[in-house]
Amino acid sequence: MTEIPKAYEPKAVEDKWYGQWIEQGCFTADPARVSPSRPAYSIVIPPPNVTGVLTLGHVLNNTIQDILSRKARMDGKEVLWLPGTDHAGIATQTVVERTLKKAGEIRHRDDLGREKFLEKVWQWKTEKGGIIIQQLKKIGASCDWDRERFTMDPAYSRCVQRVFVDLYKKGMIYRGKRMVNWCPVSLTALSDEEVVMKEQKGYMYHFRVEVAELPGTFLTIATTRPETIPADTAVAVNPKDPRYQHLIGKHVIRALPVELPKEDRRIPIVADEHVDFEFGTGVLKVTPAHDKADFEIGLRHGLPVVDILTPDGRMTAESGPELAGLDRFAARKKSAEILEAHGALEKAEPYVNNVGFSERADVPIEPRLSEQWFLKYPSVAAAKTVVSSGRMRFYPDRWSKVYDNWMGGLQDWCISRQLWWGHRVPVWRLKGGQAAFAGIRQSLEAGQFGTDGDTSFSNTPGESTRLRLNSHPVDGQSLEAATDSPEEAVQLEALGFIQDTDVLDTWFSSWLWPFATMGWTGKPETDQQNPWLKAFYPTTDLVTGPDIIFFWVARMIMAGYEYMGAEPFQNVYFTGIIRDKLGRKMSKSLGNSPDPLDLIASYGADALRFGVMRSAPLGQDILFDEQAVELGRNFCNKLWNACRFRQMQNLGDDGVEGEIDPSLLSSDDRWILLRLDQAIREVTRALAEYNFSEATSVLYRFFWSEYCDWFIEASKAALVRPEDVATTSPGNLRAAKNKVAVIDFILGNTLRLFHPFLPFITEELWHGLGYQHDLPADRGGQTIMRATWPKAFSEEEKEYFGLDSTAEQLASAKYGLVSLGRNLKAQANVPSNKRVPFVLRPSGRLDAQEIEVIRLLLNAETLTGVGAEWSPSKGTPVAANELGELYLPLAGLVDYAAERARLTKEIEKAKSEIKKVEDKLGNPSFVQKVPASVLLEHQGRLSEWQAKLRQLETSLADLPARG
RNA sequence: GCGAGGUUAGCUCAGUGGUAGAGCACUUGCUUCACACGCAAGGGGUCGCAGGUUCGAAACCUGCACCUCGCACCA
């Protein structure tokens with residue numbers, strides 16, 4: 001800090017220190033350093049999407065992780081904050097495909113084929129995929145970048161395969177033809193969690209169908225999706241519905257396609273409990289191929305499944321010549337028109353219903369029957385108990401109920417995706433009957449195949465493949481082989497096996513994140529020797545958003561128990577969701593999401609961190625306002641200038657002042673030491689409770705409202721300017737040096753308290769003020785990151801410094817009196833910079849030193865101490881508290897009318913306070929039942945207000961009648 | 001429909017039984033020798049509504065209203 005700019009300039013400071021931290025390996029974790037005296041602390045980052053760019057959500061989330069990591073380092077822990085990125089199957093594939101299309105390289109990914117396309121994705125990932133990691137560095141994230149992981153790293157991929165094969169062997173992963181959520185844009189199945197319900201405006205179409213056996217008799221059916229009529233294979237009524245009982249077992253003539261002969265459109269009327277006869281007309285069209293509930297009805301009644309939609313949501317030829325080829329939404333309109341043209345449409349009423357949307361592509365999903373891989377969740381009981389028993393803590397706790405609720409209603413997880421980018425399902429398949437398997441039988445040493453068992457295809461020790469013989473109603477028999485061994489895969493392919501073309505849901509890889517990133521292999525003998533797993537698993541804290549509690553958190557807990565035998569983390573902190581100041585979610589289309597990097601450029605990274613932390617209350621969504629960042633910048637600037645002020649107090653002996661001499665401490669010194677003590681306690685507790693906004697408010701209050709507003713100002717009474725050193729008495733110089741020692745003590749502690757929140761500026765000031773001198777390199781000498789976290793005073797220390805309530809009360813009373821005096825000045829319209837004389841009549845003994853501090857804080861020309869015998873001239877404005885009476889003699893300048901108004905107002909206030917307390921004290925049951933301390937406190941308050949009232953009334957009476 | 005959370009100053013939020021708070025915004029006055037990204041003073045709230053418990057309720061209980069978010073879902 002040779003050159004001292006007036007305002008803090010973050011840019012150069014941030015780049016400089018981040019570079020040094022990296023260079024000096026400050027973020028690097030080493031399991032060998034973990035010991036009982038240096039416990040491990042670990043966090044795994046929620047891996048951001050590799051295609052992602054930094055959002056305010058990331059800033060929030062990662063600032064919290066950084067605060068926790070930096071605090072743990074200062075607590076003397078060995079810290080691993082493990083970073084990385086997620087391959088994000090659909091998102092990444094979409095981004096790359098779009099990019100290639102834009103560049104005119106392809107029209108569709110099929111133009112390249114799977115292999116070539118994947119090469120392009122990898123190329124893109126290498127070139128552009130690391131942006132968010134670079135951005136995280138800008139906010140100061142202290143991740144161990146040497147351990148950065150990616151969910152498609154070879155070692156990580158191996159973990160995914162191993163887990164798949166293991167669950168396959170356990171029978172928990174199976175393949176089946178089911179109704180799944182199909183995304184017609186991404187052309188893949190989705191899990192239930194990836195579908196969001198949205199209200200949609202549409203129409204409820206009422207149309208008529210004729211009962212085949214009773215010509216001229218019609219049934220009216222209500223539907224929102226008339227385009228699926230050609231796929232109807234029945235209509236259903238409730239068996240208890242008297243309106244339709246007589247029709248059960250008869251048939252209707254399906255309305256579409258009209259071109260088809262009537263006899264080909266006969267579909268049965270079935271009775272099913274599912275039908276709600278209150279709803280619509282009580283007659284339900286049953287479309288097993290395109291509706292989950294209808295599919296179930298179809299199963300119950302043995303109905304055929306007729307699929308009239310292509311994977312990308314267009315109508316097939318079976319829907320009739322007028323609809324064929326149309327998009328499903330166009331077909332909806334068209335089919336209504338056809339119905340109307342044939343007189344079958346009774347009405348179309350506007351209707352709002354909930355429709356499932358693909359979260360990613362933001363289009364309505366189609367329920368679709370298809371062959372997919374499913375997982376029965378493992379280790380459910382353990383995962384449920386660890387949270388409900390309170391062994392793993394959720395912050396805020398209410399999320400544990402949400403978790404418990406979801407864990408109680410688990411449905412099998414659809415884990416396969418019809419994509420190219422991702423972990424390919426490690427299952428190989430050979431189709432054909434027994435004849436086709438004959439050759440293989442010979443190549444297998446153990447002839448046991450066709451049953452569900454392990455076989456070795458290669459000679460690699462320890463490798464084995466699970467073989468399973470499946471019978472498929474259409475495809476006939478197939479032999480399925482699941483393996484995570486590359487050697488065996490080669491062998492299988494040599495035998496004509498073909499690998500499944502699906503990839504796995506991205507979450508099927510990220511649920512392994514806490515241990516797969518630490519070198520887990522799934523081989524117990526190896527994993528038990530793994531120093532990283534031994535030192536850092538289970539991790540300490542997880543910080544994430546509540547929106548992925550099911551996607552990620554719950555699944556990680558289950559995987560943790562299944563594969564590590566222990567929970568993956570001890571505490572989970574759920575952040576709020578960042579919204580704009582109108583409470584809307586941040587979104588690209590609304591354009592309401594500011595770029596954090598722009599904010600950093602304008603205000604600095606520390607300012608952004610502080611602003612976001614300050615407006616992030618525990619468990620509430622955060623309404624983001626750029627003003628919060630501005631506040632952060634102002635705060636950094638305040639800190640900067642307070643330290644600049646310290647730098648100017650150089651008393652000839654360069655550098656940090658030494659020990660504090662307790663005998664020279666003033667009441668202000670003792671007061672600020674106690675305020676610091678309080679701040680340390682409150683910040684430490686707030687952090688332990690993950691209450692980050694509370695911690696920042698305490699820091700703000702302590703540093704700005706207490707240290708700067710009162711202590712620094714008061715300290716100016718004792719400080720000596722460098723140019724005056726020669727002419728200052730030795731006693732005053734000693735006092736000044738002791739004052740600087742107190743300032744150094746406070747600032748040294750303050751910088752450390754602030755460091756987790758404001759890493760850059762605190763490091764700069766730590767070195768600028770020379771606080772690193774005389775500290776061991778690993779305890780603050782090299783970096784504030786490793787300085788010890790401030791400790792509250794022990795009783796012994798409090799005694800040593802004389803920190804008792806007397807000192808605190810005296811200082812508080814002084815500041816109280818100063819405020820009253822400043823108020824007198826303002827009421828009398830004296831500009832705050834104008835120095836006028838004050839007179840003080842103390843109620844007890846008051847040192848000259850203390851009087852000087854009061855004078856200085858009042859910015860008074862003089863503050864004359866007078867005895868009880870002194871009396872002011874009539875009408876002199878006066879204010880008083882327990883310390884004494886403060887007069888503002890204005891010799892003819894008093895605005896008596898204003899003074900009368902002021903006094904009258906004060907008197908009213910005093911009277912109302914007295915009445916309040918008197919009412920309470922006058923209540924017999926209050927006096928009887930209330931604790932003694934509360935009674936005393938009320939009595940004290942009463943006499944205080946009474947004394948004040950007397951004084952005010954005297955002043956008012958003393959005012960000349962006319963002013 | 002089920003569940004969770006919320007309702008306190010113009011705005012964003014603290015405040016879990018004993019004198020209603022902070023920051024921002026607002027008004028007024030200040031180039032007071034660290035800081036105008038600042039200093040000082042000030043105005044502003046029947047704590048969503050109605051009952052109840054209590055000597056005493058913003059806080060605890062009951063009901064209601066409104067807002068937000070999950071989960072489920074009827075074509």
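Naming convention: chains lettered A, B, ... in sequence-line order (proteins, then strands); numbering from 1 in each chain. Note that this is a predicted model, so its numbers are computed, not measured.
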Does a side-chain N or O of [X] approach OP1 or OP2 of [N] to a distance below 4.0 Å, or not?
{"X": "A:Ser819", "N": "B:A41", "answer": "yes"}
{"X": "A:Tyr8", "N": "B:A34", "answer": "no"}
{"X": "A:Lys905", "N": "B:G43", "answer": "yes"}
{"X": "A:Asn634", "N": "B:C35", "answer": "no"}
{"X": "A:Asn823", "N": "B:G42", "answer": "yes"}
{"X": "A:Arg398", "N": "B:A4", "answer": "no"}
{"X": "A:Asn405", "N": "B:G70", "answer": "no"}
{"X": "A:Lys292", "N": "B:A75", "answer": "no"}
{"X": "A:Trp399", "N": "B:C71", "answer": "no"}
{"X": "A:Lys916", "N": "B:A20", "answer": "yes"}

Worksheet item: What does B:C49 pair with, Watson-Crick or G-U, if both distances are under 3.5 Å?
Response: B:G63

Worksheet entry | Counterpart base for B:A40, defined by Watson-Crick or G-U wobble contacts under 3.5 Å | B:U28

Worksheet item: If you find the nucleotide of RNA chain B closest to A:Glu193 and the one closest to A:Ala293, which residue's nucleotide is nearer the 5' end?
Response: A:Glu193

Item to complete: On RNA chain B, check which nucleotide each of A:Arg835 and A:Thr223 is closest to and give me the residue with the more 5' one.
Response: A:Arg835

Measure [atom1]/[X] against [atom2]/[N] and give the value in whole Å, please.
{"X": "A:Tyr403", "N": "B:C69", "atom1": "OH", "atom2": "P", "value": "25 Å"}
{"X": "A:Glu937", "N": "B:G18", "atom1": "CD", "atom2": "C1'", "value": "7 Å"}
{"X": "A:Ile269", "N": "B:A75", "atom1": "CD1", "atom2": "P", "value": "22 Å"}

Worksheet item: Would you call the rings of A:Phe703 and A:Phe635 parallel, tilted or perpendicular, where under 30° means parallel and over 60° means perpendicular?
Response: perpendicular

Is there a donor and acceptor pair, one atom on the side chain of [X] and one on the base of [N], closer than 3.5 Å?
{"X": "A:Arg644", "N": "B:C35", "answer": "no"}
{"X": "A:Asn637", "N": "B:C35", "answer": "no"}
{"X": "A:Lys638", "N": "B:C35", "answer": "yes"}
{"X": "A:Glu713", "N": "B:A34", "answer": "yes"}

Discussion item. Just verifying a value: how many Å separate A:Asn637 CG and A:Asp606 CG, rounded to the nearest 0.5 Å?
Written reply: 12.5 Å

Discussion item. Distance alone, cut at 3.5 Å: any donor-acceptor contact between the side chains of A:Gln928 and A:Ser925?
Written reply: no

Discussion item. Pair A:Leu699, A:Val683 - check side-chain contact (heavy atoms from CB on, under 4.5 Å), show working.
Written reply: CA-CA 7 Å; A:Leu699 289 167; A:Val683 172; 3.8 Å; yes

